[in-house]
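Numbering of ligands and ligand atoms starts at 1, following listing order.
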Amino acid sequence: MNSAATGKPAIVVTAADLAPEALALLQNFELVFAGKTPTESDIVALCRKHDPVAIIVRYSKVGAAAMDAAPALRVISKHGSGTDTIDKTAAVERGIQVVAAVGVNASAVAEQALALLLACAKSVVGLDERMRAGHWDKSTHKSLELGGKTIGLIGLGAIGQRLAAMVHGLNMRVIGFDPYAKNLPGHIENVSLDTIWSEADVVSMHCPLTDENRGMINATTLAQCKQGVILVNTARGGLVDEDALLQAVRSGHVQAAGLDSFAVEPMPAGHPFQQEPRIILSPHIGGVTSAAYVNMGVAAANNVLDVLTREGARRQA
Ligand SMILES: NC(=O)c1ccc[n+]([C@@H]2O[C@H](COP(=O)([O-])OP(=O)(O)OC[C@H]3O[C@@H](n4cnc5c(N)ncnc54)[C@H](O)[C@@H]3O)[C@@H](O)[C@H]2O)c1
Ligand SMILES: O=C(O)[C@H](O)COP(=O)(O)O
């Protein structure tokens, strides 16, 4: 619906801002920003008030209630790759298109996964803290050498394949599990999940979160992993049973974990991960380099424009 104030159709953005390059593409729309930490009910209220033609999703869930509050809604566009916070079934039922900006943050996230992996293998954070406290651990410390070790990538799409190329350069053996991947480069072996658990020294998550794979890293699968495995998760927190991971790190079965995504975000104060030095944390910033932030905004905006243009053309035909 067009805004009474501006006469322009509205777009709700579930964030506080967009890159200037994305704003420039959306000048013919009234942009309604939901703020830094919007809840699902905030989005529903904004939809009811502004009846947007599009929602650009960064934070918060977008479910059937938001869709029903916005009769003009034609497209839900993810500022990024993962669409797990969008109720896609409800969108299909209502003829609303869901689009994602897949690939534009792949290098950024793969680099973050590598940074977390290296931080785990080389104890970067712990050694830094020890030195600042006046210690010199040269005679006692031994790092893990990744060259020659096996990494198991779960999900071999844009990010998984970028990381595969990076760790191939470290002379790691790269195995992966992806039931849908085709035409993989020769340095990646697509194997069964059982092979991942039994052969990987590092397991790194790069698949979408779905109802089928929620909690796939759990007490059972962790127990199947090699003693001393490192887990990296830059995908979605819901893929990991956090209690099971914590127990496995505390027991030493998991040597270390590098996490950029969490079951609940922002991670609640007092979360036990904060007390565990062998769990390295980053606040879901894997996809947010300066370049990727621009690219995600531009792709999300262009995806909105594409759908609205196609819809307009279809209506005129
Ligand atoms: N931390 C971040 O900031 C950040 C940024 C971007 C993406 N992500 C997450 O990473 C995920 C992957 O992103 P991408 O851009 O590589 O997406 P992508 O679509 O290019 O790749 C995902 C791959 O996972 C595979 N897959 C689907 N279900 C699977 C399953 N059950 N087991 C194994 N593989 C499966 C698909 O076939 C596909 O090849 C996103 O869905 C998102 O959740 C996180
Ligand atoms: O799925 C994604 O691409 C990420 O979660 C990043 O998206 P965001 O930084 O816009 O939340």
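Counting protein heavy atoms only, atom 26 (N) of ligand 1 is closest to Pro208 CD, 3.7 Å. In terms of protein heavy-atom proximity, atom 16 (O) of ligand 1 is nearest to Ile159 N, 2.9 Å. Summary of contacts: the protein heavy atom closest to atom 10 (O) of ligand 2 is His79 O, 2.5 Å. Of the protein's non-hydrogen atoms, Cys207 CB, 3.8 Å is the one closest to atom 29 (C) of ligand 1. Ranking protein heavy atoms by distance to atom 33 (C) of ligand 1, first place goes to Phe177 O, 3.4 Å. Looking only at protein heavy atoms, the nearest one to atom 22 (C) of ligand 1 is His206 O, 3.7 Å. At the top of the distance list for atom 9 (O) of ligand 2, counting protein heavy atoms only, stands Arg58 NH2, 3.2 Å. Looking only at protein heavy atoms, the nearest one to atom 20 (O) of ligand 1 is Ala158 N, 2.9 Å.
Every atom of ligand 1 is numbered from 1 in the order shown, and the set under 4.0 Å from a heavy atom of Thr234 is 1 (N), 2 (C), 4 (C), 8 (N), 44 (C). Residue Leu156 has at least one heavy-atom neighbour below 4.0 Å for each of these atoms of ligand 1: 39 (O). Using a 4.0 Å cut-off to heavy atoms of Gly287, the atoms of ligand 1 that qualify are 2 (C), 3 (O). Distances below 4.0 Å separate heavy atoms of Val102 from the following atoms of ligand 1: 15 (O), 18 (P), 19 (O), 20 (O). Shown in contact with Pro179 at under 4.0 Å from a heavy atom are these atoms of ligand 1, numbered in order with element: 32 (N), 33 (C), 34 (N). Close approach to His284 involves these atoms of ligand 2, each under 4.0 Å from a residue heavy atom: 4 (C), 5 (O). In summary, the atoms of ligand 1 found under 4.0 Å from a heavy atom of Asn213, numbered by their order in the structure, are 31 (N). Annotation for ligand 1: atoms under 4.0 Å from non-hydrogen atoms of Gly155 are 24 (O), 33 (C), 34 (N). Taking every non-hydrogen atom of Gly286 and a distance limit under 4.0 Å, the qualifying atoms of ligand 1 come out as 3 (O).
The shortest N or O to N or O distance between Gly103 and ligand 1 is not under 3.5 Å. An N or O contact shorter than 3.5 Å links Asp178 to ligand 1 by distance. Geometrically, ligand 1 and Ser81 share a nitrogen or oxygen pair separated by less than 3.5 Å. Distances between N or O atoms of Val109 and those of ligand 1 include no value under 3.5 Å. The N/O atoms of Gly80, backbone and side chain alike, include none that comes under 3.5 Å of an N/O atom in ligand 2.
Residue contacts with ligand 2, taken as heavy atom pairs separated by less than 4.0 Å, involve Asn105 solely via side-chain atoms from C-beta onward. At a heavy-atom distance under 4.0 Å, only side-chain atoms of Arg236, from C-beta outward, approach ligand 2. Under 4.0 angstrom from ligand 2, the non-hydrogen atoms of Val288 all belong to its side chain.
Residues Tyr293 and His79 place their aromatic rings such that the two centres sit under 6.0 Å apart.
A salt bridge links Glu189 with Arg173; the closest basic N to acidic carboxylate O contact falls under 4.0 Å. A salt bridge does not link Lys61 with Asp87: every distance from a Lys NZ or Arg NE/NH1/NH2 to an Asp or Glu carboxylate oxygen is 4.0 Å or more.
Taking the side chain as every heavy atom from C-beta outward, Leu246 and Ile279 approach each other to under 4.5 Å.
Atom 43 (O) of ligand 1 has its nearest heavy-atom neighbour, among Arg236, Met296, Met205, Gln112, in Arg236. For the residues Asn105, Leu239, Ile196, Leu153, the heavy atom positioned nearest atom 6 (C) of ligand 1 is part of Asn105.
Between the side chains of Asp42 and Tyr59, no donor N or O sits under 3.5 Å from an acceptor N or O. Remark: the Lys88 side chain and the Thr83 side chain contain an N/O donor-acceptor pair separated by less than 3.5 Å.
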